[in-house]
Amino acid sequence: MCGRYALDAPRSRLSWRFALDEGDDENKDSEDDKLLARYNIAPMSDVPVIRQSPAGRRVLHRLRWGLLPHWATEPAIGARLINARGESLAAKPAFRDAFRRRRCLLPASGFYEWQALTATTGAARKQPFYISLVSGETMAFAGLWESWTAPGGDVVRSCCIVTTAANERLRAGPRADAADPCRRALASLAERAGGAGRVADPPVCRSRIAALAGE
DNA sequence: CCAGACGTTGTT
DNA sequence: GTCTGG
DNA sequence: CCAGACGTTGTT
DNA sequence: GTCTGG
């Protein structure tokens, strides 16, 4: 599953990595800088998404994470449709249409998974892990998207992330080695977030994730 | 038939 | 404990 | 995913 | 809009 992730990549890198076609007017979004430098991306926020135009152009667009099917009655519906299981989405009413006609990619530097700690104290704590490619390269999630029109007429473009069985090739856990690419990437993200280019994210999450980076 | 959901995860 | 909102 | 709410009455 | 549960 994926409920939080990070993206820290300039447009030029995404353009190269995913062979984007430049020139689309939507490509020039004044908030791009904020969208492309985040280490704690949460559902219901706007995220950069790569879509293919009818003419076949690959373009970076900004959509809300949390799918709003065409039959949705209120935007809050999207809060529960942040992931779609790859094994079943073709048959699910919430995802079927989007799966047939509206697929996309969500570029990411890495993503977070939380593991429950069976601490001796009764307190149920969770340990976050940051997962990224060993190469350090930008990755992308498979995604679906929708365009939803609110009763009032406002249009909301939304998306969700396709999930699948855990990848067996994942390394068996973070190394103590400070040179571990995953740790280096997270440390870099945490440092960036604490510096001048800080992004607006919940302080509690920030400290927890920063704590992970520090160990 | 109508009403209500429409999704995922992880778990003693 | 469980749901909602972000 | 996490954080935070979780409820009712009556009212200029 | 379409499926599921009652």
Side-chain angles (χ1 to χ4, degrees), chain A residues 1-8 31 34-35 38-49 62-103 106-132 139 141-151 154-167 170 182 186 189-190 193 198-213:
Chain A
M1 176 181 183
C2 180
R4 298 256 174 169
Y5 68 99
L7 176 61
D8 183 24
E31 297 191 38
K34 290 179 182 175
L35 286 182
R38 292 194 286 162
Y39 75 104
N40 190 14
I41 300 173
M44 299 300 274
S45 63
D46 286 351
V47 295
V49 170
R62 159 184 156 156
L63 284 74
R64 182 187 303 174
W65 181 16
L67 199 75
L68 285 170
H70 63 94
W71 42 257
T73 54
E74 51 175 4
I77 297 286
R80 281 171 298 172
L81 300 177
I82 64 173
N83 292 139
R85 292 194 54 166
E87 297 87 343
S88 59
L89 50 67
K92 297 283 186 182
F95 303 126
R96 194 175 45 198
D97 293 346
F99 174 62
R100 282 198 296 143
R101 301 171 51 87
R102 291 180 291 278
R103 304 179 186 184
L106 290 86
S109 298
F111 62 99
Y112 302 98
E113 293 288 349
W114 279 259
Q115 189 174 50
L117 294 176
T118 51
T120 52
T121 62
R125 296 198 60 247
K126 283 189 171 183
Q127 173 70 59
F129 290 90
Y130 179 72
I131 299 156
S132 59
M139 64 174 89
F141 305 119
L144 309 175
W145 65 271
E146 287 275 5
S147 187
W148 177 73
T149 304
D154 293 343
V155 173
V156 179
R157 299 182 303 181
S158 62
C159 62
C160 68
I161 292 174
V162 175
T163 64
T164 188
N167 187 336
L170 273 180
C182 172
L186 184 54
L189 287 170
R198 93 168 24 224
V199 293
D201 276 317
V204 175
C205 289
R206 180 182 298 127
S207 61
R208 280 191 188 172
I209 292 168
L212 172 64

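All figures in this text were calculated on a predicted structure; none of them were measured in a lab.
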- Item | Structure string for DNA chain C in dot-bracket form, Watson-Crick and G-U at under 3.5 Å, | interchain | ||||||
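- For the pair Ile131(A) CD1 and dC1(D) C1', the computed distance is 12 Å after rounding to whole Å.
- Aromatic ring centres of Tyr5(A) and Trp65(A) lie closer together than 6.0 Å.
- Between the CH2 atom of Trp65(A) and the P atom of dC2(D) there is a distance of 11 Å, given to the nearest Å.
- In this structure, Leu67(A) atom CG and dC6(B) atom C1' are separated by 11 Å, rounded to whole Å.
- Between the side chain of Trp148(A) and the main chain of Ala72(A), a donor-acceptor pair closer than 3.5 Å is present.
- When heavy atoms are screened at a 4.0 angstrom cut-off, Tyr5(A) is found touching no nucleic acid atom at all.
- The phosphate of dT8(B) (OP1 or OP2) has no side-chain N or O of Thr163(A) nearer than 4.0 angstrom.
- Arg102(A) places a side-chain N or O within 3.5 Å of a backbone atom of Trp145(A) that can act as its donor or acceptor partner.
- Here the P atom of nucleotide dC6(B) and the CG atom of Leu144(A) are 18 Å apart, to the nearest Å.
- For the pair Glu113(A) CD and dG10(B) P, the computed distance is 7 Å after rounding to whole Å.
- Near DNA chain C, defined here as any heavy-atom distance below 4.0 Å, the residues from residues 73-83 of chain A are Ala76(A), Ala79(A), listed numerically.
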Between the protein and nucleotides 1-6 of chain E, list every N/O to N/O distance that falls short of 3.5 Å.
none

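- Side chain of Ser158(A) to main chain of Leu68(A): a donor-acceptor pair is present (N/O by atom type, distance under 3.5 Å, no hydrogens or angles).
- Side-chain atoms of Asn83(A) come within 3.5 Å of backbone atoms of Cys2(A) as a donor-acceptor pair (strictly under, hydrogens ignored).
- Taking atom CZ of residue Arg4(A) and atom C1' of nucleotide dT9(B), one finds them 15 Å apart after rounding to whole Å.
- To the nearest angstrom, C1' of dC1(D) lies 17 Å from CG of Leu7(A).
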